Amino acid sequence: MTQPEHREKFQQFPIHIFNSLSRNKELFTPLNPPRVGLYNCGPTVYGDPHLGHARAAVNFDVVFRYLQYLGYKVRYVRNITDVGHLEDEVAETGEDKIEKKAKLQQLEPMEIAQRYTNTYRHFMHLLNILPPSIEPTASGHIPEQIYVIKKIIENGFAYVMNGSVYFDVQAYAEKYPYGELSGKVLEELQSNSRVLEGQEEKKSAFDFALWKKAKPEHIMKWDSPWSVGVPGWHLECTAMSSKYLGIPFDLHGGGMDLKFPHHEGEIAQSKGAFGCEPVNYWMHNNMLTINGQKMSKSLGNFITLEELFTGKHALLEKEYSPMTLRFFMLQAHYGSQIDFSNEALLAAEKGYKRLMNTLQTLEKLQYEGTTSLDTALDAEINALTTSCYEYMSDDFNTAKTMASLFELGVKINAFYHQQLPLLSISSETFHLLKSTYIDFVQDVLGLENEESGDQHQIDSLMQLLIDMRQRARQNKDFATADKIRDDLKERGIHLKDEKSGNTTYTFS
RNA sequence: GGUCGCGUGGCCGAGUGGUUAGGCAGAGGUCUGCAAAACCUCCUACAGCGGUUCAAAUCCGCUCGCGACCUCCA
């Protein structure tokens, strides 16, 4: 995919990323070009993947895709958290989320983790999200996590208490600033911290566990120098990102809700263990709301991907396809909140189909003959193709990029329907238009056609019906012709008679 | 309560000191046997009130409304 023209455009529009840490848009300079290390916080596999998972995954998939498109060699690490996160209502028992579910369902903890990992991967695949280069699990990296804890203890930023190890935030804060990413002030944290049982072990309420001693009844536990127990909440990402990407690495992503305490913890652990920032650029995608309300289980507006794709949810008027969801998300910038509603999804569905129809139209376009150049039009199309790079490089602005693609689509359709002469642009411009449009829609934004079934057989069946109707039309038997068209329409297939005399069809 | 952010046309959503975002919906037109699609044209907004400026939706202040984080969370 690394074509010379990409390099040229790339040089013209170097990538700028809004770095959550500095709160500024910064020129992206990888440490070891052309290699880029990308880390994204993946799911905790104790439940069905939902819309929030999709947003994070889609956004960083586009980052991954665009970097690769420009010729970077990207190692993309997205973890699977299969251990270690405490659940609210059982926090005082130190019980593990995954373990809790296992007991309820009488399954092995790893069986649960595996099942939801499979489900997650399945839905990511439906969303056309490229698999990461490495998908490490927390449970598979216990020694690495123990190693990080040892380093932190050695450096004096952690203490052992009754077989558990806690990060000493106060000691850390004397040497490094704490709370930079999330804008937290230590004193405020202190006064606002909720008092939980089992916290009397900690020196301060905001100290966090690096290792937690297990209760005898716990099933998921590992040996360590301190106790048989489980690793802390934020440790896996530090251990696995440093292992596979080095320290520091280039780019770390995740949902905004992870800024505190998760990513703040990662920064502290990394500096505490290795004395340096874990990563140069932090990217955070914003949250979703549903009909203007926060998506949460207690509000009953929590939508899983399966519910969205099947339409089986009280808030959904119908099902929406994976590509509709992907399109919908890409029409907004990752840094903005987006609001879900049936109207918004319906609009996205239509927009997506228009984009796909244009893509198919473009593939049918043939440039033949001699140019009779329309300089203004030629320049306009050139500028629009260039703007795709410009906008993507400007903090991955998929919304603006899509706007340019739609404007190019107007030209593509006009060429195809002979509303504009194709030969009014140069052959070079035509090929640039074609490659840019196809590449950005398919490779960069990852939007693809969703037709199902055996397309070849459907085509041949459809051709049969189209021929029959054509004959009826030639005989002015419009009743028959219209019946064929209307009956197909009832079945969700739309016929279009084109100027050229050809009839094409689309699915609704 | 603390911290941060947002309020854009009928809906969704970019943008952010002077110039068309885009999608969906709606109106008119071209094309068509009729449609559909496509194309053309129109609908041209920035919560309210003040202030800065030659110029503000964009900067500042206040008011109102909303959201996120502070606790597992994408």
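Residue numbers start from 1 in every chain, and the chains themselves are labelled A, B, ... in the order their sequence lines are given, proteins ahead of strands. Note that this is a predicted model, so its numbers are computed, not measured.
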**Student:** Let me know the distance between CE of A:M295 and P of B:C69, rounded to the nearest Å.
**Tutor:**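 Answer to the nearest Å: 11 Å.
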**Student:** For a quick check of understanding: with a heavy-atom distance under 4.0 Å over all strands, which category does A:M287 fall into, base, sugar-phosphate or nothing?
**Tutor:**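 Here A:M287 touches the bases of the nucleic acid.
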**Student:** Looking just at side-chain N and O atoms, do A:Y416 and A:E498 make a donor-acceptor pair shorter than 3.5 Å?
**Tutor:**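 Judged by distance alone, the side chains do pair up.
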**Student:** Between C1' on B:A35 and CG on A:D497, what's the gap in Å once rounded to a whole number?
**Tutor:**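 One finds 8 Å between C1' of B:A35 and CG of A:D497, rounded.
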**Student:** What's the closest nucleotide to the side chain of A:A332 if the choices are B:A74, B:G23, B:A14?
**Tutor:**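 My answer, after comparing the listed nucleotides, is B:A14.
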**Student:** For a quick check under 3.5 Å, do A:D339 and A:S341 share a side-chain donor-acceptor pair by atom type?
**Tutor:**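 Side chains of A:D339 and A:S341: no pair found under 3.5 Å.
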**Student:** Output the rounded distance in Å from CG (A:L330) to C1' (B:A21).
**Tutor:**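 After rounding, the gap between these two atoms is 17 Å.
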**Student:** Would A:D482 and A:R485 pass as an ion pair if we require N to O under 4.0 Å?
**Tutor:**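 Salt bridge flag = yes for A:R485 with A:D482.
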**Student:** Determine the interatomic distance between P on B:U44 and the same-named atom on B:G33; round to the nearest Å.
**Tutor:**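 After rounding to an integer number of Å, I get 36 Å for this pair.
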**Student:** Check whether the side chain of A:R485 and the base of B:C34 form a donor-acceptor pair under 3.5 Å.
**Tutor:**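 Yes, a donor-acceptor pair under 3.5 Å.
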**Student:** Under the salt bridge (charged side-chain N to carboxylate O under 4.0 Å, His left out) test, which residues partner A:E380, sequence neighbours left out?
**Tutor:**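 Scan of A:E380 (salt bridge (charged side-chain N to carboxylate O under 4.0 Å, His left out), adjacent residues dropped) gives A:K411.
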**Student:** Using whole Å, what does the distance between atom P of nucleotide B:A37 and atom CG of A:N413 come to?
**Tutor:**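 Roughly 12 Å, once rounded to whole Å.
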**Student:** Taking the C1' atom in each of B:C6 and B:A14, what is the distance between them to the nearest angstrom?
**Tutor:**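 Here B:C6 and B:A14 have their C1' atoms 15 Å from each other.
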**Student:** Can you tell me how far P in B:C60 sits from the matching atom in B:A56, rounded to whole Å?
**Tutor:**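 After rounding to an integer number of Å, I get 16 Å for this pair.
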**Student:** Within the structure shown, what part of the strands sits under 4.0 Å from A:L405 by heavy-atom distance: base, sugar-phosphate, or nothing?
**Tutor:**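 No contact.
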**Student:** Tell me whether A:K203 is salt-bridged to A:D207, with the criterion being a basic N under 4.0 Å from an acidic carboxylate O.
**Tutor:**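 Result for this pair is no, no salt bridge flagged.
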**Student:** When you compare the protein's N or O atoms with those of nucleotides 27-29 of chain B, which come within less than 3.5 Å of each other, and at what distance?
**Tutor:**
none

**Student:** OP1 or OP2 of B:A74 sitting under 4.0 Å from any side-chain N/O of A:H53?
**Tutor:**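 Indeed, a polar side-chain atom of A:H53 lies that close.
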**Student:** So, do A:D48 and A:F302 sit near enough that their side-chain heavy atoms are less than 4.5 Å apart?
**Tutor:**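 A:D48 vs A:F302: side chains apart.
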**Student:** Side chain of A:D482: nearest nucleotide among B:G33, B:C69, B:C12?
**Tutor:**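 Given the options B:G33, B:C69, B:C12, the side chain of A:D482 is closest to B:G33.
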**Student:** Just to be sure I understand the geometry, which residues of residues 335-342 of chain A put a non-hydrogen atom under 4.0 Å away from RNA chain B?
**Tutor:**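 Contacts with RNA chain B under 4.0 Å: A:S336, A:Q337, A:I338, A:D339.
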**Student:** Under 4.5 Å between any side-chain heavy atoms of A:V441 and A:M356, yes or no?
**Tutor:**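 Heavy-atom side-chain distance check passes, below 4.5 Å.
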**Student:** Please state the P separation for the pair B:G61 and B:U3 - nearest whole angstrom.
**Tutor:**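 Each nucleotide's P atom is 15 Å from the other's.
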**Student:** Do the two ring centres, one from A:F340 and one from A:F328, sit under 6.0 Å apart?
**Tutor:**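 When the ring centroids of A:F340 and A:F328 are compared, they turn out to be within the sub-6.0 Å range.
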**Student:** As a test of reading the structure: which of B:C69, B:C12, B:C39 is closest to the side chain of A:D257, going by heavy atoms?
**Tutor:**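 Ranking B:C69, B:C12, B:C39 by closest atom to the A:D257 side chain puts B:C69 first.
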**Student:** Over how many whole Å does the gap from A:R326 atom CZ to B:G13 atom P extend?
**Tutor:**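 After rounding, the reported distance stands at 19 Å.
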**Student:** Reckon A:K489 touches a base, only the sugar-phosphate, or nothing at all at heavy-atom distances under 4.0 Å?
**Tutor:**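 Counting heavy atoms under 4.0 Å across all strands, no contact is made by A:K489.
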**Student:** Between B:C59 and B:G17, how many Å separate the two C1' atoms, rounded to a whole number?
**Tutor:**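 To the nearest whole Å, 8 Å.
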**Student:** Between B:C31, B:C34, B:A37, which one does the side chain of A:K499 approach most closely?
**Tutor:**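 Nearest to the side chain of A:K499 among the choices is B:C31.
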**Student:** Do A:H234 and A:Q269 have side chains that approach each other closer than 4.5 Å (heavy atoms only, starting at C-beta)?
**Tutor:**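 A:H234 reaches A:Q269 side chain to side chain.
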**Student:** If you look at every strand shown and take non-hydrogen atoms under 4.0 Å, does A:F478 touch a base, only sugar-phosphate, or nothing?
**Tutor:**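 Here A:F478 touches the bases of the nucleic acid.
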**Student:** For the pair made of NZ in A:K476 and C1' in B:G33, what is the distance, rounded to whole Å?
**Tutor:**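 Atom NZ in A:K476 sits about 6 Å away from atom C1' in B:G33.
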**Student:** Parallel, tilted or perpendicular for A:H252 and A:H263, by the 30°/60° rule?
**Tutor:**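 Aromatic pair A:H252/A:H263 classed perpendicular.
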**Student:** What residues from residues 345-359 of chain A pass a heavy-atom cutoff of under 4.0 Å to RNA chain B?
**Tutor:**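 Listed by number, they are A:A347, A:K350, A:G351, A:R354.
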**Student:** Expressed in whole Å, how much space separates the P atoms belonging to B:G23 and B:A37?
**Tutor:**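 Those two atoms are separated by 15 Å.
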**Student:** Using the benzene-type ring in the case of Trp, are the ring centres of A:Y116 and A:Y46 under 6.0 Å apart?
**Tutor:**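 No - the distance between ring centres of A:Y116 and A:Y46 does not fall below the 6.0 Å cut-off.
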**Student:** Pick the nucleotide of RNA chain B nearest each of A:G42 and A:A479; which residue has the one closer to the 5' end?
**Tutor:**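 Of the two residues, A:A479 wins.
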**Student:** Which whole-number value in Å describes the distance from A:H263 NE2 to B:C4 P?
**Tutor:**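 Interatomic distance, NE2 of A:H263 to P of B:C4: 21 Å.
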**Student:** Any base atoms under 4.0 Å from A:A399, or only sugar-phosphate, or nothing? Heavy atoms, all strands.
**Tutor:**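 It contacts base atoms.
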**Student:** Closest nucleotide of RNA chain B for A:A344 versus for A:L51: which of these residues is on the 5' side?
**Tutor:**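 Between the two, 5'-proximity favours A:A344.
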**Student:** I'd like to know if A:R471 pairs up with A:D477 as an ion pair, taking the criterion as any Lys NZ or Arg NE/NH1/NH2 lying under 4.0 Å from an Asp or Glu carboxylate oxygen.
**Tutor:**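 Salt bridge absent between A:R471 and A:D477.
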**Student:** Output yes when at least one side-chain N/O atom of A:N397 is less than 4.0 Å from OP1 or OP2 of B:G15, else no.
**Tutor:**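 It does, given that an N or O in the side chain of A:N397 lies less than 4.0 Å from OP1 or OP2 of B:G15.
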**Student:** Can you tell me which nucleotide in B:G22, B:A74, B:G67 comes closest to the side chain of A:E407?
**Tutor:**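 Selected nucleotide (nearest to the side chain): B:G22.
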**Student:** Say you pick atom P in B:G65 and the same atom in B:A36; how far apart are they, in whole Å?
**Tutor:**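 47 Å, rounded to whole Å.
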**Student:** Side chains of A:Y334 and A:N397: do they bring a donor and an acceptor to under 3.5 Å?
**Tutor:**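 No pair is found: no donor N or O on one side chain lies under 3.5 Å from an acceptor on the other.
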**Student:** Using the C1' atoms only, state how far B:A21 lies from B:U58, rounded to an integer number of Å.
**Tutor:**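 Those two atoms are separated by 15 Å.
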**Student:** Are the charged groups of A:D497 and A:R473 less than 4.0 angstrom apart, N to O?
**Tutor:**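 Yes, charged N to carboxylate O under 4.0 Å.
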**Student:** Among the nucleotides B:A36, B:A74, B:C12, which one has an atom lying closest to any side-chain atom of A:K496?
**Tutor:**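 Comparing B:A36, B:A74, B:C12 against the side chain of A:K496, the answer is B:A36.
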**Student:** May I ask you to decide whether A:E349 forms a salt bridge with A:K318, counting only side-chain N to carboxylate O separations under 4.0 Å?
**Tutor:**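 Salt bridge: yes.
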**Student:** Out of B:G23, B:C12, B:G13, which has the shortest distance to the side chain of A:F328?
**Tutor:**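 Ranking B:G23, B:C12, B:G13 by closest atom to the A:F328 side chain puts B:C12 first.
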**Student:** Can you check the A:H284 NE2 to B:C70 P distance for me, whole Å?
**Tutor:**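 These atoms are roughly 12 Å apart.
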**Student:** Would A:K184 count as a cation-pi partner of A:F260, with NZ or CZ less than 6.0 Å from the six-membered ring centre and within 45° of the ring normal?
**Tutor:**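 Here A:K184 passes the 6.0 Å and 45° test against A:F260.
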**Student:** I'd like to check the ring-ring contact (aromatic ring centres under 6.0 Å, His included) partners of A:Y320; sequence neighbours left out, ordered by chain and number.
**Tutor:**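 Listed in chain order: nothing, the list is empty.
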**Student:** Mind checking if A:H494 touches a base, just sugar-phosphate, or nothing, with heavy atoms under 4.0 Å?
**Tutor:**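 A:H494: no heavy atom of the nucleic acid under 4.0 Å.
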**Student:** Taking Watson-Crick and G-U wobble pairs with both distances under 3.5 Å, convert RNA chain B into its dot-bracket string, 5' to 3', dots for unpaired and | for cross-strand pairs.
**Tutor:** (((((((..(((.....[...))).(((((.......)))))....(((((..]....))))))))))))....
